[in-house]
Amino acid sequence: MALSQIIKQPTMKLLEEKFLALSIQSCSVIQTRHKQVAPQPRLRHPTWLTKKNRVIHDDFLTADNAEFVQEVIKDKYEIPPKVELPKNIIKWTPKLKRTGVIARKIGELPLWLKTGKKISTTLLQVLDNHVIKYYTPEEYDPPRKRPTRIKNKAGCLLLGAQATDPTYLTKEYCSLFKNTGLMPKKYLARFFISPDAVLPTGTPITAQHFSVGNYVDVRGLTKYRGFQGVMKRHGFKGMPASHGVTKTHRRGGNIGGGGEKGRVWPGTKMPGHMGNRYRFAKGLKVWRINTKHNVLWVSGIAVPGATNSIVYIYDTNLPTRKPLKPLAFPTYFGLDDNVVEEDIYDESLQRFSDPTIVFQKE
């Protein structure tokens, strides 16, 4: 007798829903802005992790069969899902928390102010973000339970970015997008939002989710440097290079710990693995927005991550960098009839199309 015949149908449905929930939590990235210590990357995946990429075998497909498979995929996902507006759209207040976006760090470019000052900026391209699923505060179940669990007052919104060919993904991973009508996404991320900032499934999010002049927090995975010494990892000066110094030019020297408590104190700066940690760059100003290619120019060149790496952009939580004007809540829908410019600049920026020297007639 088959196992599905022994287990009743409602029980099978609950097990399937639980498996999909765990799979979504395992495949997505969670924000850690309010944690004092960021979790270290896992050395191996848990047993219940949904495998994302399948093994590509040589199936001996002919050109006609490969073309037929692509036609089936195109017919299935050609018609985009109908985007419904939220039922209750309210005005933004500082206590409300919006969702973030998934972006790609594409490079660094300078900009000039009207005063002639040169500033450095980082370009972040917002990918084709779509809402995949929403968990209410009662439904959201964190992957790591604690004995004294604090009740979660924020909802969890699952976003996906960068559609990819489903033939390269496993059947279990593609099932996460079964009821969304969207192409399977390459990247997933979870954002904690206010219950009033809920977005329907399939809602696109563009670069106009943010406004010029406001500040954002960017989270990214730093470059992995491997095993490094104290000079590169912690910026130590090193020993003198004069006479009498023997093979200690780049060493850390005395680490203390002598006397009564002869041991190495926790947190001592020593050689070890460098990079490969999620870090935040907070309080970055949005100087310019390109609405055609969904590109943000944010201040500074210290955004964590290498070029073409994935980053996550949030509304800043710094108390001195809060927006002064209401934001697009829960996101930008383009309901106004005003024509949106392709490039939106900050008031203090010098546009490349404007003249730099103006002569006045006497």
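Please read these numbers as outputs of a predicted model, since none were measured by experiment.
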Point to revise | Spacing of OG1 belonging to Thr320 relative to CG belonging to Leu318, to within rounding of 0.5 Å | key: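 Thr320 atom OG1 to Leu318 atom CG measures 5.5 Å (nearest 0.5 Å).
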So does [Y] get a backbone contact from the side chain of [X], meaning a donor-acceptor N/O pair under 3.5 Å?
X	Y	value
Thr203	Val131	no
His130	Leu159	no
Thr121	Leu109	yes
Lys185	Phe177	no
Thr222	Asn276	yes
Ser194	Asp196	no
Thr291	Glu342	yes
Asp128	Gln162	yes

**Study point:** Geometric class of the Phe227/His273 ring pair [parallel <30°, tilted 30-60°, perpendicular >60°]
**Key:**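 If you compare the ring of His273 with that of Phe227, the planes turn out perpendicular.
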Review point. Quick one: which of Lys97, Lys322, Arg321, Arg98 gives a side-chain hydrogen bond (donor to acceptor under 3.5 Å, both in side chains) with Asp315?
Key: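 Going through the options one by one, the only one that passes is Arg98.
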Review point. Mind checking whether Leu123 and Lys105 have side chains closer than 4.5 Å, heavy atoms only?
Key: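 Leu123 vs Lys105: side chains apart.
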Point to revise | For Ile310, all residues meeting side-chain contact (heavy atoms from CB on, under 4.5 Å), sequence neighbours excluded | key: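 Checked Ile310 against side-chain contact (heavy atoms from CB on, under 4.5 Å); matches are Ile102, Arg104, Leu127, Tyr187, Tyr312.
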Review point. Within 45° of the axis and under 6.0 Å from the centre of the six-membered ring of Tyr168, does NZ or CZ of Arg54 qualify?
Key: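 Arg54 over Tyr168 ring: no.
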Examine the side chains of [X] and [Y] and answer whether a donor and an acceptor come within less than 3.5 Å of each other.
X	Y	result
Asp346	Ser348	yes
Asp64	Thr62	no
Asn294	Thr206	no

Are more than 12 heavy atoms from other residues, nucleotides or ligands located less than 6.0 Å from atom [atom1] of [X]?
X	atom1	answer
Arg251	CZ	no
Tyr224	OH	yes
Lys285	NZ	yes

Practice item. Answer yes or no: is there an ion pair linking Asp343 with Lys292, defined by an N-O contact shorter than 4.0 Å? Key: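 Judged by the 4.0 Å cut-off on N to carboxylate O distance, Asp343 and Lys292 do not form a salt bridge.
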Exercise for review: Answer yes when Lys282 and Asp217 have at least one side-chain N-carboxylate O distance shorter than 4.0 Å, and no when they do not.
Suggested key: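 No, no charged N to carboxylate O under 4.0 Å.
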Review point. Same cluster for Ile313 and Phe191 if Ile/Leu/Val/Met/Phe/Trp/Tyr side chains link at under 4.5 Å?
Key: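 Both belong to a single hydrophobic cluster.
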Check your understanding: Under a 4.5 Å side-chain heavy-atom rule over Ile, Leu, Val, Met, Phe, Trp and Tyr, are Leu111 and Leu113 clustered together?
Key ->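 Same cluster: Leu111 reaches Leu113 through Ile, Leu, Val, Met, Phe, Trp or Tyr contacts under 4.5 Å.
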Check your understanding: Can you check side-chain contact (heavy atoms from CB on, under 4.5 Å) on Ile89 and Phe329, steps first, answer last?
Key -> CA-CA 7 Å; Ile89 299 179; Phe329 188 82; 5.8 Å; no
